[in-house]
Amino acid sequence: MYLFVYVQRFVFGLCVFVALIGAAQAEWAELMKDDDITYVWDKDSVRAVHVSRIAWTMTNLTAKGVKAPNGEEYLSSMARWRINCKTDSFIKLSESFYAKADGKGREVAFYEAADWRPRDAAIRPGSYLSLLKKQICTSAPA
């Protein structure tokens with residue numbers, strides 16, 4: 001009898017855990033894709049800060065041999081951006097490079113922006129950041 005209750009509670013706990021894991025996964029949407037590289041963004045990561053938006057992107061590479069800043073090879077990277085919707089500019093806040101696609105595997109390198117005021121850079125027309133800006137800076141319908 002006690003074993004049955006224990007197993008029942010264990011299975012219930014396992015089901016709750018699996019459900020929470022599934023709910024915590026990011027919803028990635030494609031920005032741009034070609035033969036060698038794919039850019040996606042996390043819709044749930046977008047945060048409004050005055051005229052700026054904070055968002056995460058992921059880059060997946062198909063070519064091997066691409067090197068991170070520390071010289072190790074990587075297949076994907078995740079970056080956090082601050083996009084200024086008013087001035088069409090951006091700052092990369094952080095970036096992590098991963099050994100496997102989709103941000104999986106070992107983190108082979110990372111980059112963090114300095115705490116002191118980094119300079120904004122212009123968003124180039126036709127880039128994946130211009131597509132990201134178009135997605136996250138449009139006003140929601142009333």
My understanding is that only residues two or more places apart in sequence, or in another chain, count here; which of them pass salt bridge (Lys or Arg N to Asp or Glu O under 4.0 Å) with [X]?
X      : answer
Glu72  : Arg106
Lys100 : none
Glu112 : none

Provide the full list of salt bridge (Lys or Arg N to Asp or Glu O under 4.0 Å) pairs with a residue in residues 57-67, sequence neighbours left out, each pair given once.
Lys67-Glu73
Enumerate the salt bridge (Lys or Arg N to Asp or Glu O under 4.0 Å) contacts for residues 126-136, please, sequence neighbours excluded, ordered by first and then second residue.
Asp88-Lys133
Cluster link [X] to [Y], ILVMFWY, side chain under 4.5 Å:
X      : Y     : answer
Leu131 : Trp28 : no
Phe110 : Met78 : no
Tyr128 : Ile83 : yes

Show the atom names and distances, to 0.1 Å, of all donor-acceptor pairs under 3.5 Å that link a side chain in residues 30-42 to residues at least two apart or in another chain.
unit_1: Asp34; atom_1: OD1; unit_2: Asp36; atom_2: N; d: 2.9
unit_1: Asp34; atom_1: OD1; unit_2: Ile37; atom_2: N; d: 3.0
unit_1: Asp42; atom_1: OD1; unit_2: Asp44; atom_2: N; d: 3.1

Run the side chain to side chain contact (heavy atoms under 4.5 Å, CB included) test on Ser130 and Arg124 for me, step by step, so that the C-alpha distance in whole Å, both residues' side-chain angles and the decisive distance to 0.1 Å come before the verdict.
CA-CA 7 Å; Ser130 70; Arg124 290 175 214 35; over 6 Å; no
If you define the side chain from C-beta out and look only at heavy atoms, does anything of Ser52 sit under 4.5 Å from Asn84?
yes
Ser77: partners by side-chain hydrogen bond (donor to acceptor under 3.5 Å, both in side chains), with sequence neighbours left out
Glu95
Does Thr59 have any side-chain hydrogen bond (donor to acceptor under 3.5 Å, both in side chains) partners at least two apart in sequence or in another chain, and if so, which?
none
Drop me the distance from [X]'s [atom1] to [Y]'s [atom2], to the nearest 0.5 angstrom.
X      : Y      : atom1 : atom2 : answer
Arg119 : Ser89  : CZ    : OG    : 11.5 Å
Lys92  : Asp120 : NZ    : CG    : 14.0 Å
Glu107 : Ser76  : CD    : OG    : 10.5 Å
Cys85  : Ile123 : SG    : CD1   : 8.0 Å

Quick one: ring-ring contact (aromatic ring centres under 6.0 Å, His included) partners of Trp81, sequence neighbours excluded?
Phe90
The ring-ring contact (aromatic ring centres under 6.0 Å, His included) partners of Phe97 (sequence neighbours excluded) come to Tyr74
Taking ring-ring contact (aromatic ring centres under 6.0 Å, His included) as the cut-off, I'd like each qualifying pair that reaches into residues 49-69, sequence neighbours left out, listed once.
none
Using a 4.5 Å side-chain heavy-atom cut-off and chaining through intermediate ILVMFWY residues, the residues clustered with Val49 come out as Ile54, Ile91, Leu93
